[in-house]
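Computed from heavy atoms alone, side chains included, the values below leave out hydrogens, waters and symmetry copies. Labels below follow one simple rule: chain letters A, B, ... track the order of the sequence lines, proteins then strands, and each chain is numbered from 1.
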Number of protein chains: 2
Amino acid sequence: MARITLEHVAQKAGVSIKTVSRVLNAEPNVSEETTARVRQAIAELNYVPNSAARSLSSGKAMSVGLVVGWPVNSPYSSTLIEQTLKECTRHGYSLALFSVEVEDAITRRIIDAYLGRQMDGVILDTRAAQDDELMSQLDALNVPQIIIHPDRRRVAAKASYVQIDNHLGAWQAVNYLIQLGHRRIGCISYDSSLTQETDRIAGYGQALADAGLPFREDRTMRKAGLPFRVGFSGAVELLTAQPDLTALFAGTDEIAMGVLAAIWNLGLRVPDDVSVVGFDDISYASMIAPPLTTIHQPIDEIAAIAVKHLIETVDDPDRAPIDLVMPTSLVIRKSCRALKLDVSQ
Amino acid sequence: MARITLEHVAQKAGVSIKTVSRVLNAEPNVSEETTARVRQAIAELNYVPNSAARSLSSGKAMSVGLVVGWPVNSPYSSTLIEQTLKECTRHGYSLALFSVEVEDAITRRIIDAYLGRQMDGVILDTRAAQDDELMSQLDALNVPQIIIHPDRRRVAAKASYVQIDNHLGAWQAVNYLIQLGHRRIGCISYDSSLTQETDRIAGYGQALADAGLPFREDRTMRKAGLPFRVGFSGAVELLTAQPDLTALFAGTDEIAMGVLAAIWNLGLRVPDDVSVVGFDDISYASMIAPPLTTIHQPIDEIAAIAVKHLIETVDDPDRAPIDLVMPTSLVIRKSCRALKLDVSQ
DNA sequence: AAATGCATTGACAGCGCTGTCAATAGTTGT
DNA sequence: ACAACTATTGACAGCGCTGTCAATGCATTT
């Protein structure tokens with residue numbers, strides 16, 4: 001299978017390779033007839049431009065990096081990857097994937113990928129942007145970057161951000177429970193200093209405060225470990241110590257899944273005995289039983305914006321950085337019940 | 001930031017660019033002193049070779065494609081992606097990801113990626129290799145390929161395979177239940193014509209037969225839909241119609257998770273009232289409550305072999321194809337109990 | 001009719017590397 | 001001491017594309 005090049009197409013269409021190149025890149029100033037002739041030749045020869053030659057010549061890798069901040073096989077990360085991949089493809093870019101979890105020497109790997117012109121810029125997710133060594137090297141090279149769910153702003157560097165308001169999201173979740181008539185609401189989350197976690201807990205507290213309810217430390221479980229375990233053991237402890245809790249707010253949907261298992265294990269039912277709200281709206285949330293009421297974060301939109309802005313920044317380094325907060329929304333499914341309406345108890 | 005090239009390194013080390021290239025590629029016939037000098041220069045200049053130039057010049061993309069056969073955010077796919085990525089990185093290759101789920105014109109996209117020299121070969125997972133259009137085009141171009149979990153052999157083409165024995169795996173699972181004393185065992189799986197699913201059901205039947213137990217169609221649920229739902233509704237139906245079942249074999253771990261939820265919802269307990277075995281050993285399996293006894297399939301090894309063999313085939317097109325069956329193993333956790341030992345009932 | 005402008009096209013020089021082949025130096029054999 | 005070899009190194013030609021700039025043709029202007 002001899003490789004088809006511009007040369008072949010040009011010959012077939014009876015034009016110069018530069019003209020074929022123009023048609024390929026939709027550059028102006030090519031007559032319609034010529035364009036048609038070239039397109040025909042391209043189609044007939046089934047020509048696809050050599051991406052390496054393109055990159056070398058243009059100096060653009062046509063690829064963006066994504067550094068995920070959690071295990072690749074977590075629901076959140078894999079959805080982010082899926083959406084980012086989709087957006088890259090749409091823009092004609094390819095995606096270079098990196099994971100802080102699996103790779104040693106991750107900083108080296110990412111920097112080398114940039115230096116080796118394998119990517120034009122990088123999207124950093126949550127914990128990926130926590131790596132000071134990585135960030136300072138990225139800055140030193142002035143690598144176009146956008147951070148998803150930043151834990152903090154980076155004063156020195158010219159970075160862009162896309163995030164959600166975790167505080168508000170948690171507030172929406174807990175406020176919903178309060179509206180349903182719940183008064184004794186527990187909270188289960190990670191024992192982490194990430195603002196993502198602390199904000200969600202703070203939002204829980206805020207919702208309580210706004211309703212004139214007390215924030216009780218003994219109703220707030222902060223546990224370290226695997227998400228499901230955190231939810232399971234957290235719920236067991238909380239419900240054993242305080243059987244009068246009628247609702248539980250879980251810091252993530254994965255935690256919520258552990259919470260559900262715990263509730264069942266205690267011989268209780270969801271939502272009959274205990275209502276549960278999660279956070280993130282991972283794909284499982286709608287699939288499990290009962291379908292989980294949760295706070296949706298628009299990963300698809302976040303990915304779309306991140307990719308679009310990053311590419312724009314690559315094309316125009318003077319592009320102004322962005323700092324967007326995407327809206328979260330309450331998705332009501334079947335894991336909560338209204339207390340007041342239940343006259344049978 | 002001026003880009004560092006071979007030229008700069010060569011100048012600094014006082015050699016020709018070709019010699020630097022030799023050191024870079026570990027080619028023979030470079031004296032130790034020269035090598036040291038060049039390495040020093042590379043380190044000092046923080047030089048990283050331009051991958052596009054490399055690809056263009058060598059004609060190798062140094063990249064392999066992975067076409068996943070399930071949603072990217074499924075536990076199986078995301079783990080496969082993670083492991084494949086790891087192996088590619090280890091070999092100095094990059095990974096180009098494709099998903100049959102999200103992408104329209106997937107065939108076109110993959111073929112173009114190959115034609116555009118963005119990848120040297122492709123790994124096809126399960127359903128990805130079911131696409132006749134894609135496969136025939138891949139064959140026409142003689143694209144190096146390896147198929148993970150093939151549904152069938154492809155007589156015409158020179159393809160390699162890595163798979164597991166689904167029949168045996170299911171047999172291991174069900175035989176374990178039988179050894180524990182279970183006699184009335186249900187099976188819940190997808191209503192699919194994929195051999196992956198039919199083999200697992202057949203393995204279930206075989207284990208029963210080998211123990212002299214009857215295979216009963218009314219104990220075998222085949223349902224279409226989302227994994228969790230399949231498990232949930234399948235288990236509800238099965239256990240409602242036949243409350244005397246003491247164990248359930250789920251076709252996948254995701255199905256098993258739905259089964260667990262269903263059992264709890266029916267007011268029963270795992271493993272006290274019903275034992276459950278899954279298949280796949282997804283990362284969740286060990287995290288949930290109770291930790292799921294399941295059949296492990298070595299995705300890490302499968303990915304390692306697939307990547308290694310594919311790269312070898314790329315480097316040597318005459319490399320003999322492989323057709324490997326990787327061993328599955330029973331992972332005993334906490335979702336099954338021994339019936340005979342339970343004297344209290 | 002000459003001058004000007006614009007749309008269209010092509011020639012050609014790289015981009016940064018690898019592959020080929022020639023050149024050089026050092027070593028061994030006779 | 002000279003031929004024959006081997007180890008080491010470099011010169012140079014591409015790989016297939018894009019960017020720059022010049023050339024051409026034609027319509028418009030004065």
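- Contact between the side-chain N/O atoms of A:Ser21 and the OP1/OP2 oxygens of D:dC17 is not found at any separation under 4.0 Å.
- Summarising the geometry, the separation between CE on B:Met62 and C1' on D:dC15 is reported as 17 Å, rounded to the nearest angstrom.
- One interatomic measurement links the two molecules: CD1 of A:Ile17 to C1' of C:dG10, which rounds to 9 Å at whole-angstrom precision.
- Taking atom OH of B:Tyr47 as the reference point, atom P of C:dG16 lies 10 Å away to the nearest angstrom.
- Test A:Val100, A:Ile106, A:Val67 against A:Asp131 for side chain to side chain contact (heavy atoms under 4.5 Å, CB included) and you get one pass: A:Ile106.
- Between B:Gln11 atom CD and D:dA11 atom P the separation is 12 Å, expressed in whole Å.
- With rounding to whole Å, B:Arg117 atom CZ is found 12 Å from D:dC15 atom C1'.
- In this structure, B:Arg108 fails the cation-pi test against B:Tyr114, since its NZ or CZ atom is not both closer than 6.0 Å to the six-membered ring centre and inside 45 degrees of the ring normal.
- Here D:dG16 presents its P atom at 7 Å from CG of B:Leu56, a figure rounded to the nearest Å.
- Remark: B:Arg22, B:Asn29, B:Val30, B:Ser31, B:Thr34 in residues 22-39 of chain B come within less than 4.0 Å of DNA chain D through at least one heavy atom.
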Next item on the list: Check step by step if side-chain contact (heavy atoms from CB on, under 4.5 Å) holds for A:Asp151 and A:Thr126.
Entry: CA-CA 7 Å; A:Asp151 192 66; A:Thr126 332; over 6 Å; no
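- Atoms CZ (B:Arg3) and C1' (C:dC17) sit 15 Å apart, rounded to a whole Å.
- Using modelled atom types, one finds a donor on one side chain and an acceptor on the other under 3.5 Å when comparing B:His309 with B:Ser160.
- For the pair B:Ser57 and C:dG16, the criterion of a side-chain N or O lying under 4.0 Å from OP1 or OP2 is not met.
- Considering only the side chain of A:Leu6, D:dT18 comes nearest among C:dT9, D:dT18, D:dG10.
- Comment: A:Glu44 engages A:Lys12 in a salt bridge, judged by a side-chain N to carboxylate O separation of less than 4.0 angstrom.
- Put simply, the side chain of B:Ser77 never gets that close to the backbone of B:Ser74: no donor and acceptor are under 3.5 Å apart.
- A close approach under 4.0 Å does not occur between any side-chain nitrogen or oxygen of A:Ser16 and OP1 or OP2 of C:dA11.
- Looking at the side chain of A:Ala53, the nearest of the listed nucleotides D:dG10, D:dC17, C:dG16 is D:dC17.
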Margin query: Please determine whether side-chain hydrogen bond (donor to acceptor under 3.5 Å, both in side chains) holds for the pair B:Gln118 and B:Asp112, giving the CA-CA distance in whole Å, both sets of side-chain angles, and the decisive distance to 0.1 Å.
Written below: CA-CA 8 Å; B:Gln118 292 185 43; B:Asp112 282 3; over 6 Å; no
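- What separates NZ of A:Lys18 from C1' of C:dA11 is a distance of 12 Å, to the nearest Å.
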